[in-house]
Chemist: 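Supplied in structure tokens, the structure appears directly below.
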Amino acid sequence: MNKWFFPVLVSFAVTLAGISGCSSTTTTSTTSTDEKDGKPAATSALKGAIKIDGSSTVYKITASVAEKFMDANPDVDVTVAVSGTGGGFKKFIAKETDISNASRTIEEDEIADAKTAGVEYVEVPIGYDGLTLVVNKQNDWVDHLTTAELKKIFEEGSTVKTWKDIRATWPAEPIKLYSPGTDSGTFDFFTEVITGKKGNMRKDASFSEDDNQLAKGVGGDKGGLGFFGIAYYEANMDTLKAVPIDAGSGPVEPNFDNVLSLKYQPLSRPEFIYISKTAFDRPEVKAFAEFYIGAEGQATVKESGYVPFKSETYTRIQKMFADGKTGSHFQGMRGKPVEDVLTAAGY
């Protein structure tokens, strides 16, 4: 991060000991000063406050974009909190936030709730993530896992207790599972694409909405197995090992090229921000969103450890954003390239 960033206050409301069935709130709040390192702060006509909540996966990008945006616009305060994609949508629909971070698309029941509440929204894809399965660095037996094996391990009613229960050649090391919490879009996405049913997850895993806690959990547990966004793996490579996934065509690693090409299946996915139409019409919110999908935001996606779209794709997203169309183009389009969805939407 460059030296012109503003101070960031981060608070975590969960500990690993209380990981099961809980949620966390992580707040980034930046306060500008008149000078930084002896140089005048940037000036801007924009003023106001922007409230953002939702996905811990998308948090890493949005918090960094917020810092850069406030650097250029010191009279705008952007607060970014974490309560999971589902938790964020609840606050968004309750009109408590302006923007909702989401690691999945808004779902049909949330669409219905938003309509009932009179909440219109603009859906903006921001980049790709490769949901990454990780084991402890000391795990020297796992070279890959198949999607069938993942289903056997994670689904409700699973009888897998040790690694030997997965493959007979693996050791009888107890297996401990670490999963995002039930308000997490990553939890929803993983259970749906791996077990075939949203929420289909064994109850004895350790759950948290805070991906940092999950990374620490697996990093401290030789028999641990967990999953979260690729950026959290990249930030913890000293204690974690990524597991290639075989969906039927051989093991594929979760790396930049495989995620961008969607070769890493079924765990590659776009990430989003959702902007309430009421907030969209405010100058500071619209400027923030334009900044997010502009050059600075695109660079931040990569800096944050995720996979930016191609530049021409962002150009199409910018046109869609400028039109201000409300509603979801991506709901029900899981697995399709962002470009194909944009084409279908007329962009």
Side-chain angles (χ1 to χ4, degrees), residues 44-55 58 61-62 65-66 68-69 72-73 76 78 80 85 88-89 92-93 95 97-108 110-129 185 260 262 269-301 306-347:
S44 168
L46 294 172
K47 295 181 179 181
I50 304 171
K51 294 182 179 180
I52 306 174
D53 204 324
S55 166
V58 182
I61 307 170
T62 301
V65 171
K68 293 180 179 181
F69 181 77
N73 302 277
V76 180
V78 185
V80 186
T85 297
F89 274 131
F92 185 71
I93 292 167
K95 303 179 183 179
T97 57
D98 303 305
I99 297 174
S100 205
N101 290 330
S103 61
R104 59 162 172 79
T105 58
I106 191 168
E107 296 184 339
E108 289 182 0
E110 294 162 336
I111 291 173
D113 289 344
K115 184 175 181 181
T116 299
V119 175
E120 294 184 283
Y121 51 85
V122 177
E123 179 185 63
V124 183
I126 56 171
Y128 279 126
D129 175 36
L260 182 61
L262 300 185
R269 57 179 182 169
E271 299 175 312
F272 302 87
I273 56 172
Y274 286 78
I275 309 161
S276 79
K277 184 62 169 65
T278 301
F280 181 86
D281 292 333
R282 286 165 29 205
E284 74 277 13
V285 176
K286 193 166 188 178
F288 174 76
E290 289 172 342
F291 186 88
Y292 206 132
I293 55 177
E296 286 277 12
Q298 294 170 35
T300 305
V301 171
Y306 295 104
V307 181
F309 303 129
K310 297 175 182 178
S311 59
E312 56 265 32
T313 303
Y314 281 110
T315 299
R316 296 167 67 183
I317 292 169
Q318 289 161 358
K319 185 177 187 307
M320 182 175 68
F321 174 82
D323 286 349
K325 284 188 177 179
T326 58
S328 175
H329 297 296
F330 288 82
Q331 202 282 324
M333 297 291 183
R334 191 184 68 226
K336 290 186 177 294
V338 165
E339 291 78 10
D340 289 359
V341 180
L342 291 171
T343 298
Y347 298 96

Chemist: If I take atom CZ from residue F288 and atom CD1 from residue I99, how far apart are they, to the nearest 0.5 angstrom?
Modeler: 5.0 Å

Chemist: Please list, chain by chain and in numerical order, all residues satisfying side-chain contact (heavy atoms from CB on, under 4.5 Å) with L262, sequence neighbours excluded.
Modeler: Y128, Q265, S268, P337

Chemist: Would you say E271's side chain and A102's backbone share a donor-acceptor pair under 3.5 angstrom?
Modeler: no

Chemist: Return the CD1 to CD distance between I275 and E123, rounded to the nearest 0.5 Å.
Modeler: 10.5 Å

Chemist: Considering all heavy atoms of both residues, which atom of P270 and which atom of V338 are nearest to each other, and what is their separation?
Modeler: CB-CG2, 3.9 Å

Chemist: Search all heavy atoms of S103 against all heavy atoms of R269 and return the closest pair with its distance.
Modeler: O-NH1, 3.2 Å

Chemist: Rounded at 0.5 Å granularity, tell me how far OG in S100 sits from CD1 in I52.
Modeler: 9.5 Å

Chemist: Are E284 and R282 ion-paired here, with the side-chain N under 4.0 Å from a carboxylate O?
Modeler: yes

Chemist: Counting N and O atoms only, with roles assigned by atom type, does the side chain of T300 sit under 3.5 Å from a partner on the main chain of V65, one being a donor and the other an acceptor?
Modeler: no

Chemist: Could you check T326, I93, I111 and say which one makes a side chain to side chain contact (heavy atoms under 4.5 Å, CB included) with Y121?
Modeler: I111

Chemist: So if I apply the ring-ring contact (aromatic ring centres under 6.0 Å, His included) rule between F272 and each of F330, F321, F89, which one comes out positive?
Modeler: F330

Chemist: If we ignore angles and hydrogens, is there a donor and acceptor under 3.5 Å between the side chains of N101 and T62?
Modeler: yes

Chemist: Looking at side-chain heavy atoms only, is the closest gap between E296 and F69 below 4.5 Å?
Modeler: no

Chemist: Strictly distance-based, threshold 3.5 Å: is any side-chain N or O of Y314 a donor or acceptor partner for the main-chain N or O of F309?
Modeler: yes

Chemist: Give a yes or no on whether the backbone of K51 and the side-chain of D98 come within a donor-acceptor separation of less than 3.5 Å.
Modeler: yes

Chemist: Tell me the closest heavy-atom pair linking S328 and I106, and the distance in Å.
Modeler: CB-CG2, 3.9 Å

Chemist: So, Q318 side chain and I293 main chain: donor-acceptor pair closer than 3.5 Å or not?
Modeler: yes

Chemist: Regarding Q331 and T105, do their side chains bring together a donor and an acceptor under 3.5 Å, going by distance alone?
Modeler: no

Chemist: Drop me the distance from L342's CG to K319's NZ, to the nearest 0.5 angstrom.
Modeler: 11.0 Å

Chemist: Please round to the nearest 0.5 Å and tell me the distance separating atom CD of E110 and atom OH of Y274.
Modeler: 8.5 Å

Chemist: Do the side-chain N and O atoms of S55 and R104 include a donor-acceptor pair separated by under 3.5 angstrom?
Modeler: no

Chemist: Begin with the C-alpha distance, continue with both residues' side-chain angles, and end with the deciding distance and a verdict on side chain to side chain contact (heavy atoms under 4.5 Å, CB included) for E120 and F280.
Modeler: CA-CA 10 Å; E120 294 184 283; F280 181 86; over 6 Å; no

Chemist: If you apply the rule side chain to side chain contact (heavy atoms under 4.5 Å, CB included), what do you find for V124 with Y292, and how did you get there?
Modeler: CA-CA 10 Å; V124 183; Y292 206 132; over 6 Å; no

Chemist: By side-chain contact (heavy atoms from CB on, under 4.5 Å), which residues pair with T278, not counting sequence neighbours?
Modeler: S276

Chemist: Should we count CD of E290 as having more than 12 external heavy atoms under 6.0 Å?
Modeler: yes

Chemist: As an exercise, state the distance from OG1 of T313 to CG of L260, rounded to the nearest 0.5 Å.
Modeler: 8.0 Å

